Amino acid sequence: DTIARGEGEDRSGTLIADAVRSAGGDVVARDVLPDDQERIASRLRSYADALGVDLVLTTGGSGVAPRDVTPEATLSVVDRLVPGLVEAARIQTLGKTPLAMVARGVAGIRRRTLIVNLPGSPKAATENLTAVAEILPHAVMIVQGVDPKLVRSGGAKSAKPAAAHPSNGDHAHSHDKSAAQAPAPAGAMAKNVGGPT
């Protein structure tokens, strides 16, 4: 909410966008939204359905504060859950801070788009993304129906555009990358500031 009102800098969104680009991905959209469940859900649907991105990364709004509704917004739009992604990130970051126990982020699939919630703090968002970054290109290819083995051998054709990301003060980033290029955290980001991530 604070960032959406222009009262703060979206440092988490910037760090995530930089990480996506460093991994070879393209950020095709980036938005900051208030902590409003329907607005976040609507943006997630737009990234997946209208933009057809491969990956959406959200940051913020995934804790236990009253206005943290990003997980609920994500749950309302995904068709299937991918709990291992956020579980792995929580386990890895729990050794650094007990606050990981109150993280409520989720990961799921809407059609051919992977959506992953990250925490709102720059440090936590970076640590969580780092924890799952290695598997994201593989996961995105599988969601897209591309056999990662064929991509590695050069036998696969390129897939569709990649990811978007909504955030609190919601931030959305999206990313275009062909699967044949084996994108690293392909995708976009979304960030909720002052609300669910």
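Each residue takes its place number in the sequence, starting with 1. Keep in mind the model is a prediction, meaning the values are calculated, not measured.
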For this session: With the side chain counted from C-beta on, respond yes when Glu72 and Ser76 share a heavy-atom pair under 4.5 Å apart, and no when they do not.
Result: no
Problem set entry | Exam field: side chain Thr113 to backbone Val53, donor-acceptor pair closer than 3.5 Å | yes
Seminar exercise, completed: From the list Val64, Val69, Val86, side chain to side chain contact (heavy atoms under 4.5 Å, CB included) partner of Arg104 resolves to Val64
Problem set entry | From Leu15 atom CG to Lys123 atom NZ, the distance as rounded to the nearest 0.5 Å | 13.0 Å
Problem set entry | Within one Ile-Leu-Val-Met-Phe-Trp-Tyr cluster: Ile142 and Leu136, side-chain cutoff 4.5 Å | no
Exercise. Is it the case that one hydrophobic cluster holds both Val143 and Ile135, taking links as side-chain heavy atoms less than 4.5 Å apart, direct or via other members?
Worked result: yes
For this session: For residues Gln92 and Glu127, determine if any side-chain heavy atom of one lies less than 4.5 Å from a side-chain heavy atom of the other.
Result: no
Exercise. Is the backbone N or O of Gly120 less than 3.5 Å from a side-chain atom of Ser12, with the two atoms forming a donor-acceptor pair by type?
Worked result: yes
Exercise. Where do Pro119 and Ala124 come nearest, in terms of heavy atoms and distance?
Worked result: CB-CB, 3.6 Å
For this session: Output the distance between atom CD1 (Ile115) and atom CG (Asp54), rounded to the nearest 0.5 Å.
Result: 12.0 Å
Exercise. Taking the side chain as C-beta and beyond, is there a heavy-atom pair between Ile109 and Leu114 under 4.5 Å?
Worked result: yes
Exercise. Same cluster or not: are Leu81 and Val77 linked, directly or through other Ile, Leu, Val, Met, Phe, Trp or Tyr residues, by side-chain heavy atoms under 4.5 angstrom apart?
Worked result: yes
Seminar exercise, completed: d(Met101 CE, Thr93 OG1) to nearest 0.5 Å is 10.5 Å
For this session: Provide the closest heavy-atom pair for Asn128 versus Ala89 in the form atom of the first, atom of the second, distance.
Result: OD1-CB, 3.2 Å
Problem set entry | Rounded distance [0.5 Å steps], CE in Met141 versus CD in Gln144 | 10.5 Å
For this session: Output, in order, the C-alpha distance, side-chain angles, deciding distance and verdict of side chain to side chain donor-acceptor pair (under 3.5 Å) for Thr74 and Asn117.
Result: CA-CA 8 Å; Thr74 303; Asn117 299 156; 3.0 Å; yes
Seminar exercise, completed: To the nearest 0.5 Å, atom CZ of Arg90 lies from atom CG of Leu85 at 11.0 Å
Exercise. Between Ser42 (side chain) and Glu38 (backbone), is there a donor-acceptor pair under 3.5 Å?
Worked result: no
